[in-house]
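Have a look at the structure below, then the notes.
In the text below, chain A, chain B and the rest are named by the order of the sequence lines, each starting its count at 1.
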Amino acid sequence: PTSAFTNAFTNAKAGMEGVDREMVKRVVHDMSVNSAHFATESRKEAAVEAKILAMKKRAASIRPSALATIKAAVDDRVARMEASRDLTKTWVHVDMDSFFASVHILERPELRDVPMAVGGMSMISTANYAARKFGVRSAMPGFIAKKLCPQLVFVDSDFAKYKHYASLTREVFKEYDPQFDAGSLDEAYLEISAYCAGKSMTPADVAEALRREVREKTKLTCSAGVAPTRRLAKVCSDANKPDGQMVIEPTRDAVAALLSSLPVRKIGGVGKVLDRTLAAFGIATCGDLLRERALVVALFSEVQSDFLLGVAIGVGGEARPARPPGWAPQRKSLSQERTFAPTADARALAAKIAALAEEVAAGLARENLLTRTVTLKMKRADFEVAQRQTSLPRPTNDAQTISDAALRLFRGEKNTHGSLRLLG
DNA sequence: ATACATACC
DNA sequence: CACTGGTATGTAT
């Protein structure tokens, strides 16, 4: 049978309406099926299936009486969450439309109407809408994209450019919410209730104005979602892409109406694995999640069931993260990794490790940081990943110290690593 | 503290 | 021919 991961590139995505999903699925499968990558993905897939099977056994062993007890407790939890529901905040999630691709089009307008992707034969990061019509999309290997669309043009990424345009968008965001939260180069969360009140504008009008201003300042389009929580705002920004917006009215009923049929996979934080796990229990939508809340609590950890119950009723992510004055984002890790033609040459691999250590050390120095832990990441030629970590006696940003630590980890693996395709 | 998996863009 | 790179976080041990 076709492994489910080969469906990864056929999910509905903005600009992919009308794509022959079966054809795309077949091409992706045919291009991959004999690869080492496919074999490893299939093995991981099997591990997920095994985990799901174990969960199903556990679910089957739950006595109806136990489930009834859980149900009462869950309803109590849901009631408490419900009591904490806050509909007074107005969150906007702004998401630039195919950002990287659009930036290149800005400087080379002729690329607008030819299928184009940022990246290369190995991997593409974004595709323009002309390419999406062929089923080409983010995170698809370029050689598969090229099979789907032989006339596809590749453009090299240019992060300096993206950062420039991102800073222009942020100038705009700042006007609407000085404390806006930039998730990445191409998106941000803004809380605009104060702005709306101050200007006597509706959230929908503010979102329109913001998008117009972004377009004027950058010549790029974006989409926006407006909702009482960040989580829901993000769902909405995706709903009318490109160059569109969607508003959820800040009422319990409006939220419930949207959630009742919303696929759980649309929620940020629900990825492929959680989606499939839930699907195994007949849970496809947030409505299903609410209906099966007792089962969810019985099967998932406290952290996950808290998250999932919040998802089910649309509560969570309404408060601005508490940040003391002068707060600046603190990175928790800094890394460099590189893929290369697979090799088992220990000297060549050691040289790569030393070079990566140099880069990491330079990064630490640039940001005035020290590290106490060093992690070596190895991906074998067959795509199996292994990580080895060590703690240093004291914090450092010295390239030699980091390199030595990584090389010790590497030598400790000597008998097992064989041929590698990536080091980090 | 360590290893690995998952998720996001 | 060819399946990324960077960061955060959850889970298990």
Side-chain angles (χ1 to χ4, degrees), chain A residues 5-6 8-9 13 28-29 31-45 47-48 50-51 93 95-96 98-101 117-126 137-147 154 156-157 159 162 166 182-188 231 234 237-238 264-277 300-308 329-342 356 359-360 363 367 372-379 381-392 409 412-413 421-424:
Chain A
F5 77 85
T6 57
F9 302 123
K13 185 81 185 164
V28 169
H29 179 269
M31 290 298 285
S32 315
V33 67
N34 290 320
S35 67
H37 183 258
F38 189 97
T40 300
E41 288 301 316
S42 300
R43 195 197 48 75
K44 284 198 231 160
E45 189 84 355
V48 168
K51 214 177 70 187
H93 181 250
D95 197 318
M96 302 303 294
S98 51
F99 183 54
F100 293 179
V118 178
M121 282 303 241
S122 295
M123 185 54 62
I124 67 187
S125 57
T126 327
R137 54 163 292 172
S138 306
M140 179 180 272
F143 68 91
I144 293 179
K146 199 84 179 168
K147 190 79 176 185
F154 291 124
D156 286 335
S157 61
F159 278 84
Y162 310 149
S184 62
L185 286 177
D186 81 323
E187 63 179 332
R231 203 136 71 199
K234 182 153 168 69
S237 70
D238 193 54
V264 286
R265 187 68 168 86
K266 293 278 184 191
I267 303 284
V270 180
K272 195 175 58 165
V273 171
L274 183 52
D275 184 45
R276 293 190 54 191
T277 305
F300 290 90
S301 72
E302 175 123 17
V303 170
Q304 276 206 306
S305 64
D306 258 338
F307 167 71
L308 290 170
Q330 276 296 304
R331 72 155 71 242
K332 299 185 172 69
S333 67
L334 188 156
S335 66
Q336 288 285 321
E337 66 183 53
R338 209 132 304 144
T339 297
F340 42 81
L356 290 165
E359 291 180 52
V360 168
E367 297 187 36
R372 244 176 56 76
T373 51
V374 173
T375 302
L376 177 70
K377 176 175 173 178
M378 294 158 284
K379 191 189 279 179
D382 63 5
F383 292 87
E384 293 285 359
V385 175
Q387 252 173 253
R388 297 294 175 259
Q389 181 184 320
T390 186
S391 300
L392 302 173
L409 293 169
E413 293 299 305
R421 70 179 339 269
L422 171 146
L423 281 166

Measure the distance from CD on A:Glu41 to P on C:dC3 and round it to the nearest whole Å.
12 Å
Look at the side chain of A:Thr126 and the backbone N and O of A:Val118, then say whether any donor-acceptor pair between them is shorter than 3.5 Å.
no
Among A:Leu409, A:Thr375, A:Leu376, find the residue that satisfies the side chain to side chain contact (heavy atoms under 4.5 Å, CB included) test when tested with A:Gln389.
A:Thr375
To the nearest Å, how far apart are A:Lys234 NZ and B:dA7 P?
15 Å
Protein-nucleotide distance (A:Glu413, atom CD; B:dT2, atom C1'), rounded to Å:
13 Å
Distance (rounded to the nearest 0.5 Å) between A:Lys377 NZ and A:Ser335 OG:
8.0 Å
Among B:dA1, B:dA7, B:dC9, which nucleotide sits nearest the side chain of A:Lys272?
B:dA7
Interatomic distance, A:Arg388 atom CZ to A:Met378 atom CE [nearest 0.5 angstrom]
5.5 Å
Which nucleotide in C:dA2, B:dA1, B:dT2 has an atom nearest any side-chain atom of A:Thr373:
B:dT2
I would like to know whether A:Val374 and A:Val360 meet side chain to side chain contact (heavy atoms under 4.5 Å, CB included); could you show each step before the answer?
CA-CA 10 Å; A:Val374 173; A:Val360 168; over 6 Å; no
Assert: residue with more 5' nearest nucleotide on DNA chain C, out of A:Arg338 and A:Phe143, is A:Phe143
Whole-Å distance between C:dC3 C1' and A:Asp382 CG?
14 Å
Describe the nucleic acid contact of A:Gly424 in one word from base, sugar-phosphate, nothing, applying a heavy-atom distance below 4.0 Å.
nothing
For the pair A:Arg372 (side chain) and A:Leu392 (backbone), establish whether a donor and an acceptor sit closer than 3.5 Å, ignoring hydrogens and angles.
yes
Nearest-angstrom distance, P atom, B:dC8 to C:dC3:
23 Å
Kindly compute the distance separating OG (A:Ser122) from CZ (A:Phe154), expressed to the nearest 0.5 Å.
9.0 Å
Rounded to whole Å, how long is the line connecting atom CE of A:Met123 with atom P of C:dC1?
16 Å
Under 3.5 Å, is there any donor-acceptor pair linking the side chain of A:Ser125 to the base of B:dC9?
no
Using a 4.0 Å heavy-atom cut-off across all strands, classify A:Lys147 as base, sugar-phosphate, or nothing.
nothing
Reckon A:Leu422 touches a base, only the sugar-phosphate, or nothing at all at heavy-atom distances under 4.0 Å?
sugar-phosphate
If you assign A:Ser391 and A:Gly271 each to the DNA chain B nucleotide with the nearest heavy atom, which residue ends up on the more 5' nucleotide?
A:Ser391
According to a strict under-4.0 Å criterion, is A:Arg421 in side-chain N/O contact with OP1 or OP2 of C:dA2?
no
Nearest whole angstrom, please: distance from the P of B:dC8 to the CG of A:Asp275.
10 Å
What is the distance, rounded to the nearest whole Å, between atom CE of A:Met31 and atom P of C:dC3?
11 Å
To the nearest 0.5 Å, what is the distance between CG on A:Leu308 and CD1 on A:Ile267?
10.0 Å
Which part of the nucleic acid, if any, lies within contact of A:Phe99, taking any heavy atom under 4.0 Å across all strands shown: a base, the sugar-phosphate backbone alone, or nothing?
nothing
Rounded to whole angstrom, note down the P distance from C:dA2 over to B:dA7.
28 Å
To the nearest angstrom, the CD1-C1' distance between A:Ile124 and C:dA2 comes to 13 Å
Chi angles and distances behind the side chain to side chain contact (heavy atoms under 4.5 Å, CB included) call for A:Phe307, A:Val270:
CA-CA 10 Å; A:Phe307 167 71; A:Val270 180; 4.0 Å; yes
State whether A:Glu337 and A:Lys379 are salt-bridged, where the test is any N-O pair (Lys NZ or Arg NE/NH1/NH2 against Asp/Glu carboxylate O) under 4.0 Å.
no
How long is the span from the CE atom in A:Met123 to the CZ atom in A:Phe143, to the nearest 0.5 Å?
8.5 Å
Out of B:dA1, C:dT4, B:dC9, minimum distance to the side chain of A:Thr339 belongs to C:dT4
Within the 4.0 Å limit for protein heavy atoms, which parts of nucleotides 7-13 of chain C are touched? Write it as a string from 5' to 3', B for base, S for sugar-phosphate only, - for none.
BSS-S--
Between the protein and nucleotides 3-5 of chain B, which nitrogen or oxygen pairs come in under 3.5 angstrom?
residue : atom : partner  : partner atom : Å
B:dA3   : OP2  : A:Gln389 : N            : 2.5
B:dC4   : OP2  : A:Gln387 : N            : 2.9
B:dC4   : OP2  : A:Gln387 : O            : 3.1
B:dC4   : OP2  : A:Arg388 : NH1          : 3.0

Using a heavy-atom cut-off of under 4.0 Å over every strand shown, decide if A:Leu356 touches base, sugar-phosphate, or nothing.
nothing
